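These notes are about the structure you will find just below.
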Amino acid sequence: MSSNFVRAALIAAAAGAALSVAACAGRGPADVDGARIAAADREPGNWMSHGRPYDEQRFSPLDKINADNVKDLGLAWYADLDTSRGQEATPIVVDGTLYVSTAWSMVKAYDAATGKPLWAYDPQVSRDVAVKACCDAVNRGVAVWKGKVYVGVLDGRLVALDAATGREAWSVVTVDQSQPYTITGAPRVVKGKVIIGNGGAEFGVRGYVTAYDAATGKQVWRFYTVPGDPAQGFESKAMEMAAQTWTGEWWKLGGGGTVWDSIVYDPALDLLYIGVGNGAPWNQFYRSPGGGDNLFLSSIVALRPDTGEYVWHFQETPGETWDFTATQQIILADLNIDGKQRKVAMQAPKNGFFYVIDRETGKFVSAKPYAPVNWATGVDAATGRPIEVPEARFYKTGKLFMSTPGAAGAHSWQPMAFNPKTGLVYIPEQELTFPYVHAADWKPAPRGFNNALDGVPTVLPADPKIRRMALDGEKGNLIAYDPVAQKEVWRVPHLGPWNGGVLTTAGNLVLQGSAAGSFNAYRADNGAPLWSAEAQTAVMGGPMSYTVNGEQYIAVMAGWGGVFPMPPGVLALKTGNEYNRSRLLVYKLGGRTQLPPAVLPEPRELDPPPATAKPAVVEQGKALYTRYCAACHGDAAVSGHLVADLRYSGYLASEEWFEVVLDGKLGSLGMAAFAVAINRDEAAAIRDYVIQRAHEDKALPYMVAPPETAAAAR
Ligand code: CA
């Protein structure tokens with residue numbers, strides 16, 4: 001016996017029971033590589049990448065928690081988070097440590113069995129960056145690779161952390177920070193490269209994805225999703241091809257096409273699939289006045305992961321003009337279709353059709369509506385193109401078009417899941433009608449202030465009938481969908497839209513949170529409700545499952561937020577629990593931990609100062625409010641309880657209004673200084689409009705959903 005071996009044995013004996021599973025296997029923290037992620041089914045107790053294995057099916061092979069015993073599920077531990085914004089992340093667990101990102105791109109590490117905090121990282125995002133974020137200060141998750149944890153930061157940084165300590169290993173700025181780019185999506189690590197996209201297509205940016213060396217942060221490649229100014233030369237043949245499908249001077253408006261969520265890798269085909277977002281501005285009339293498909297908007301694009309080279313694309317919504325992104329989860333699976341095994345990519349994008357695409361070639365396989373769709377009558381089986389109704393192109397008709405789905409999509413970022421045992425995809429579907437109307441004489445706002453949206457006003461028309469139609473049309477369902485037969489198999493209706501992401505397991509389970517503030521388990525084969533826990537806030541994040549020492553856990557992020565409580569105004573106040581209590585919830589069989597009692601905010605009275613402004617000033621204020629304020633504070637000055645509801649603001653009666661609006665007095669809370677965009681008279685007009693709205697809502701109770709109504713609806 002060599003002395004080295006004896007020494008090693010003695011050290012091991014001294015460490016005794018304290019040795020973790022990881023250390024026994026000779027592994028440090030987050031010691032993950034491509035081989036481990038690709039073979040994730042060999043270690044189902046870990047969840048090493050955003051959608052578990054690279055295929056992002058969000059299927060856990062674990063079955064200790066199953067349809068027979070899930071009734072005994074209880075809280076094992078929870079962690080309160082130090083933010084009050086939306087929580088959209090899926091946690092990662094590797095060898096007993098849980099890593100998760102929160103709003104404002106912070107990262108936490110916990111002992112996955114006990115919840116003991118191990119470290120926390122705060123990238124110190126300047127809070128006024130929120131003005132560049134269409135959809136809250138959210139973050140959808142971290143990636144891990146060879147001892148590092150990677151997070152995309154709201155202000156456009158990509159940061160690598162030491163997985164043992166949470167200290168920064170490297171940090172790169174991935175965007176031009178003078179432009180309204182943001183990052184909310186989870187990075188993916190493929191072949192030693194961290195792949196990250198960005199958001200900002202509501203504000204007039206040009207989308208792209210970039211690969212960075214995981215060890216050093218050095219840029220390896222960048223793929224743009226829309227062409228730039230042809231006079232500057234094209235970055236690639238793919239951009240030259242794409243430019244043939246655009247008209248006018250789109251590059252001056254950014255073009256859009258941001259890749260803000262789905263990035264998926266197939267190790268067998270060595271292809272990277274990205275989901276591309278909407279056009280900037282939304283209204284194609286202004287973006288590409290002569291029409292055209294506008295590649296690669298609203299497309300799935302396949303790239304070579306080593307070089308970023310284009311391989312194929314499939315465009316779901318040619319000439320996109322409704323904010324119909326194709327950024328939603330792309331799930332890879334092998335399906336038996338017409339007697340043949342096909343390697344497919346599946347997506348339920350915003351436009352309401354469920355797509356099955358051959359992922360080797362990008363060829364269309366099938367598409368059918370998974371939700372009510374009125375902007376198209378179907379998808380042409382020969383071309384894969386939607387068959388639009390003429391009314392849908394509102395800028396051509398000049399008429400209002402109430403579209404279902406609308407800009408929020410029949411499905412948004414909340415991850416869907418595929419269970420290979422049931423053969424079903426579980427989709428967090430929603431029904432939200434949106435009023436599209438052409439804005440005449442539109443000019444872009446100063447860069448970064450809602451450039452894209454106001455080519456299509458985002459406010460509901462004042463007509464109470466239309467407002468009522470939008471409100472009554474709101475629905476949300478968990479839908480089990482057969483991707484081969486292209487038909488719904490079962491559904492569970494929710495109180496309203498904006499429910500949580502989905503996990504499915506080998507225990508015949510589907511787990512999903514609700515906007516109404518519960519976390520629920522259903523039978524995967526027939527949708528029977530099996531278990532529900534009160535979560536005191538909307539549960540939106542994608543749940544995940546892991547084991548430590550043989551015990552199975554299910555973890556999910558809770559905390560109301562995202563885009564829905566922001567621009568939709570009163571539409572957001574119907575889900576049943578519109579309060580943010582940001583928490584990580586972790587469940588196990590027999591868990592006995594209790595949440596502290598929830599304290600509801602005090603109901604408030606609308607008590608605005610007298611309305612003294614002339615109607616023309618109020619009208620001007622309404623237009624300015626819509627352009628600059630509605631994206632966060634809500635349509636018609638009704639907030640979705642995530643940021644301040646201005647109708648109730650004490651600043652309405654105070655000269656401090658101008659310090660807040662123009663000078664950024666509340667910048668530390670996320671309220672940017674608007675002096676670069678508007679002057680004092682304009683700020684005063686906005687105040688007059690808000691005061692008028694507060695008076696109107698005192699007289700029109702159905703327009704308001706005060707806290708007690710929301711609580712009663714639960
Ligand atoms: Ca969008």
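For clarity, every value in this text was computed on a predicted model and none was experimentally measured. All residue numbers in this chain count up from 1 along the given sequence. Whatever order the structure lists ligands and atoms in, that order sets their numbers, starting from 1.
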Report task. Mind checking salt bridge (charged side-chain N to carboxylate O under 4.0 Å, His left out) for D136 and listing every partner two or more places apart, or none if nothing turns up? Result -> R85
Query - G640 backbone acceptor or donor facing W560 side chain under 3.5 Å - result: yes
Query raised in the report: Which protein N, O or S atoms sit under 3.0 Å from the Ca ion (ligand 1)?
Result: E202 OE1, E202 OE2, N278 OD1, D323 OD1
Report task. Classify the ring geometry between Y310 and F223 as parallel (under 30°), tilted (30 to 60°) or perpendicular (over 60°). Result -> parallel
Requested in this report: Can you sort out the partners of E316 under salt bridge (charged side-chain N to carboxylate O under 4.0 Å, His left out), two or more places apart, ordered by chain and number?
Outcome: none
Query raised in the report: What residues form a salt bridge (charged side-chain N to carboxylate O under 4.0 Å, His left out) with R157, not counting sequence neighbours?
Result: D155
Query - E235 with R206: basic N within carboxylate O range, under 4.0 Å - result: yes
